[in-house]
There are 2 protein chains.
Amino acid sequence: MGNVHRLPLARPSDSAHGAHTPQASDVAPPGLTPAESVPPEELLQVGDLARETGKTVRAIHHYESVGLLTPHMRSKGRYRLYGPDAVARVRWIDKLHDLGMSLSEIQQILRLWEQAPSAPSAMGQLRAVYHQKLAEVSAQIARLTALEHELHGSLDYLDTCVECSPSELVASCSACTVHGPSETQPELVRGLHACSATSASA
Amino acid sequence: MGNVHRLPLARPSDSAHGAHTPQASDVAPPGLTPAESVPPEELLQVGDLARETGKTVRAIHHYESVGLLTPHMRSKGRYRLYGPDAVARVRWIDKLHDLGMSLSEIQQILRLWEQAPSAPSAMGQLRAVYHQKLAEVSAQIARLTALEHELHGSLDYLDTCVECSPSELVASCSACTVHGPSETQPELVRGLHACSATSASA
DNA sequence: ACAAACCCTGACGCGTGCGTACGGGATAGG
DNA sequence: CCTATCCCGTACGCACGCGTCAGGGTTTGT
């Protein structure tokens, strides 16, 4: 496959709005264990989960639809209700996603985990995956570091260009007298010359 | 926008096959400058360009269609013919793409460049963009480094898990007696517990 | 003349990760 | 009862970066 890796600018943050949070009455007649022993006070609606994790409701639905997350239970009105561990889960998903894994790859890990015959085996498999990811991350860091250097180099180069005679046109850059011919230019600069692309619009 | 950045495994390489390369007769009657003074011997067909840059022909067409690249001229049979600078151009595109820029962002840079009134101005704008990109790359490196550490931590953690009693089931991990409760687990491990996802297929 | 490579334009397909809109209940407070 | 939020399920849309198929010329060698 080709090249895939984007850089972010910033993370979207959450704005807070208040509504209602699930109450014990939502879920269980007082005094009964709700389905699988989850303190009813700590149940989260999808919106709450969204806010706590910084994701959108839609995203969480999506995660569920691809099998990454399942609500602990439903209210009687079919509202999704999550236990506190869901927060960890979503953050985990996010992290792996940041690690460069697609949602379906993450799914694979979950499968692996859930279908593992024993704990040590599960841990072993997980270890293997993380090991692999570690290598990839290191490689990516190396690549980016190289690009970082190239950028520095190009910036240095461009610094002198800025002081060039203002009357010079870009067309003359390929025969620059200050820097020498275009062969000596950093690749990040050289690529701009010639090969004119179509022009249009403002 | 959400999170976007993938890691690669390896770069596709090129397999060589031989065909015909453009000849002077393709393009200009002997003794005439071909359109814009390009040594006819050095002209590349799209396939040649593809091979030299490691991209596919389709990709190059695509770059052209989004205005990143224009053939220097066409043969009389409408074959695209590129000058040697096209190679630099494609590599440049690839690099910026690796830098995390979309093709249309790259296009913007080209626009900037071509529409710049003077060379110093063009260089200045380019500098600004690269400056910005440098910051992003640095940030991304920082993020990845953090993730690298997390991975290391998780691997260490998992190392001990592998030696756990083979009869333990994953379900009991959340109450691990070796490591303590799940709150002390690395996030990359904690996220796996509970929140069971749907199971199906083999 | 014919075959073997190459090239052309056009257009639909795909995988990812959600955004967004639609029509309609659920829940809480006043 | 009315209303303000929040939620549900379904489904289409979109941006990216090409892959891939279709139908048909172009060059070149023998």
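Worth saying up front: this structure is predicted, and the values here are computed from it rather than measured. Residue numbers begin at 1 in each chain, while the letters A, B, ... track the order of the sequences.
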Please tell me if [X] has a side-chain N or O lying less than 4.0 Å from either OP1 or OP2 of [N].
{"X": "B:S75", "N": "C:dC7", "answer": "no"}
{"X": "A:R80", "N": "D:dC8", "answer": "yes"}
{"X": "A:Q45", "N": "D:dC7", "answer": "yes"}
{"X": "B:S104", "N": "D:dC16", "answer": "yes"}
{"X": "B:T56", "N": "D:dG19", "answer": "yes"}
{"X": "A:Y63", "N": "C:dG17", "answer": "no"}
{"X": "A:H61", "N": "D:dC8", "answer": "yes"}

Specify the separation, in whole Å, of atom [atom1] of [X] and atom [atom2] of [N].
{"X": "A:H62", "N": "D:dG13", "atom1": "NE2", "atom2": "P", "result": "18 Å"}
{"X": "A:E64", "N": "C:dC18", "atom1": "CD", "atom2": "P", "result": "15 Å"}
{"X": "A:D94", "N": "C:dT16", "atom1": "CG", "atom2": "P", "result": "18 Å"}
{"X": "B:E105", "N": "D:dA15", "atom1": "CD", "atom2": "P", "result": "15 Å"}
{"X": "B:K76", "N": "C:dC7", "atom1": "NZ", "atom2": "P", "result": "18 Å"}
{"X": "A:D48", "N": "D:dT5", "atom1": "CG", "atom2": "C1'", "result": "12 Å"}
{"X": "B:I60", "N": "C:dC6", "atom1": "CD1", "atom2": "P", "result": "14 Å"}
{"X": "A:Q107", "N": "C:dG17", "atom1": "CD", "atom2": "P", "result": "12 Å"}

Checklist entry - Of all residues at least two apart in sequence or in a different chain, which pass the side-chain contact (heavy atoms from CB on, under 4.5 Å) check with B:Q125? => result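 B:Q125 satisfies side-chain contact (heavy atoms from CB on, under 4.5 Å) with B:L112, B:A116, B:S121 once adjacent residues are dropped.
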Checklist entry - With sequence neighbours excluded, what pairs up with A:R78 under the side-chain contact (heavy atoms from CB on, under 4.5 Å) test? => result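 Residues passing side-chain contact (heavy atoms from CB on, under 4.5 Å) with A:R78: A:R74.
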Checklist entry - Restricting to pairs with a member in residues 115-153 of chain A, which pass ring-ring contact (aromatic ring centres under 6.0 Å, His included), not counting sequence neighbours? => result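 Output for this query is empty, none listed.
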For the side chain of [X], starting at C-beta, report the closest nucleotide among [options].
{"X": "A:R58", "options": "D:dT27, C:dC18, C:dA11", "answer": "C:dC18"}
{"X": "B:S102", "options": "D:dG9, D:dG17, C:dT20", "answer": "D:dG17"}
{"X": "B:R74", "options": "C:dC8, C:dG17, D:dC18", "answer": "C:dC8"}
{"X": "B:V57", "options": "D:dC7, C:dA11, C:dC7", "answer": "C:dC7"}

Item to check | 5' priority, DNA chain C, between B:G47 and A:R78 [closest heavy atom] | outcome: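 Checking each residue's closest nucleotide, the 5'-ward one belongs to B:G47.
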Item to check | Aromatic ring pairing B:H193/A:W113, orientation class (parallel under 30°, perpendicular over 60°, tilted between) | outcome: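 Taking A:W113 first and then B:H193, their aromatic rings stand perpendicular (interplane angle over 60°).
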Quick test: give all pairs of protein nitrogen or oxygen and nucleotides 22-25 of chain C nitrogen or oxygen below 3.5 Å, distance rounded to 0.1 Å.
unit_1, atom_1, unit_2, atom_2, d
C:dG25, N2, A:Y79, OH, 2.6

Next on the checklist: So, using salt bridge (Lys or Arg N to Asp or Glu O under 4.0 Å) as the criterion, who are the partners of B:E105 when residues are at least two apart?
Outcome noted: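 Once residues adjacent in sequence are excluded, B:E105 has no partner under the salt bridge (Lys or Arg N to Asp or Glu O under 4.0 Å) criterion.
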Next on the checklist: Both B:A59 and A:G77 contact DNA chain D. Which one's nearest nucleotide lies toward the 5' end?
Outcome noted: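 Going by which nucleotide is closer to the 5' end, it is A:G77.
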Next on the checklist: Tell me which pairs pass salt bridge (charged side-chain N to carboxylate O under 4.0 Å, His left out) where either residue lies in residues 116-125 of chain B, with sequence neighbours left out.
Outcome noted: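 For residues 116-125 of chain B, and leaving out neighbouring residues, there are no salt bridge (charged side-chain N to carboxylate O under 4.0 Å, His left out) pairs at all.
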Checklist entry - Below 4.0 angstrom, N of the basic side chain to O of the carboxylate: do A:K95 and B:E187 qualify? => result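 Answer for the salt bridge query: yes.
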Checklist entry - Taking atom CZ of B:R51 and atom OG1 of B:T56, what is their separation to the nearest 0.5 Å? => result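 Here the interatomic distance stands at 12.5 Å.
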